[in-house]
Amino acid sequence: MSTPDIGRHIEELVAEEESLRAREADEERPATAEERERLEAIRVELDRTWDLLRRRRALAEAGRDPDEAGAPRDADTVEGYEQ
């Protein structure tokens with residue numbers, strides 16, 4: 001996946017997240033269990049995708065091939081980072 005493709009994927013995930021959060025905030029229709037699960041899956045996927053984008057950018061800034069970053073890291077690795 002190229003850096004522009006990763007950026008588009010992030011934009012798509014953010015749009016879906018915003019849509020689900022808007023529905024979740026609708027007091028007339030509470031969020032379903034499936035929607036809450038999807039929001040959590042989006043959160044994790046965004047973390048993984050941002051991690052990949054940051055690694056690609058760091059490699060490019062260092063004059064290396066961004067493709068060396070490989071694929072997104074697994075969720076357990078990315079979610080285990082301390083902030």
Side-chain angles (χ1 to χ4, degrees):
M1 186 180 299
S2 71
T3 299
D5 290 339
I6 294 168
R8 281 190 290 280
H9 184 59
I10 288 171
E11 289 173 3
E12 291 167 358
L13 288 169
V14 168
E16 183 179 0
E17 178 185 42
E18 288 173 352
S19 174
L20 285 170
R21 289 206 184 281
R23 281 192 259 163
E24 186 179 48
D26 184 351
E27 294 178 9
E28 294 181 20
R29 188 191 71 80
T32 65
E34 292 83 16
E35 289 169 332
R36 287 189 301 276
E37 287 175 19
R38 179 62 185 147
L39 272 171
E40 178 61 17
I42 290 170
R43 184 190 65 75
V44 171
E45 182 65 17
L46 277 169
D47 288 348
R48 294 177 67 221
T49 307
W50 273 111
D51 172 69
L52 176 59
L53 183 60
R54 286 183 191 104
R55 289 186 292 125
R56 289 182 63 85
R57 287 178 175 167
L59 286 165
E61 288 174 15
R64 295 175 51 195
D65 181 1
D67 289 338
E68 290 178 42
R73 293 179 178 153
D74 65 273
D76 290 336
T77 299
V78 174
E79 294 304 301
Y81 292 155
E82 290 188 29
Q83 295 193 23

Under the side-chain hydrogen bond (donor to acceptor under 3.5 Å, both in side chains) rule, collect the residues that match up with E61, sequence neighbours excluded.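 If we apply the side-chain hydrogen bond (donor to acceptor under 3.5 Å, both in side chains) test to E61, skipping adjacent residues, there are no hits.
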List the residues meeting side-chain hydrogen bond (donor to acceptor under 3.5 Å, both in side chains) with S19, not counting sequence neighbours, and say none if there are none.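 Testing S19 for side-chain hydrogen bond (donor to acceptor under 3.5 Å, both in side chains), a comparison that skips the adjacent residues, returns none.
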For [X], enumerate each residue passing the salt bridge (charged side-chain N to carboxylate O under 4.0 Å, His left out) test, keeping only those at least two apart in sequence or located in another chain.
| X | value |
| --- | --- |
| R38 | E16 |
| E37 | none |
| E17 | R21 |
| D5 | R8 |

Could you tell me the separation between the CE atom of M1 and the NE2 atom of H9, rounded to the nearest 0.5 Å?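 The NE2 atom of H9 is 5.5 Å from CE of M1, to the nearest 0.5 Å.
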Taking ILVMFWY side chains as joined if any heavy atoms are under 4.5 angstrom apart, and letting links pass through other members, which residues group with V44?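 When side chains under 4.5 Å apart are linked, V44 ends up in no cluster with other residues.
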Please enumerate all residues that pass side chain to side chain contact (heavy atoms under 4.5 Å, CB included) together with [X], with sequence neighbours excluded.
| X | result |
| --- | --- |
| R54 | W50 |
| A60 | P66 |
| V14 | I10, E18, L46 |

Quick one: do [X] and [Y] end up in the same hydrophobic cluster if we chain Ile, Leu, Val, Met, Phe, Trp and Tyr together by side-chain heavy atoms under 4.5 Å apart?
| X | Y | answer |
| --- | --- | --- |
| I42 | I6 | yes |
| L13 | L52 | yes |
| L59 | L53 | no |

Under the salt bridge (charged side-chain N to carboxylate O under 4.0 Å, His left out) definition, can you give me all pairs with a residue in residues 64-73, not counting sequence neighbours?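 Listed by first then second residue: D51-R73, R56-D67, R64-E68.
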If I compare all heavy atoms of A31 with all of R36, which pair ends up nearest, and what's the gap?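 Scanning both residues completely, I find the closest heavy atoms to be O-NH1, 2.6 Å.
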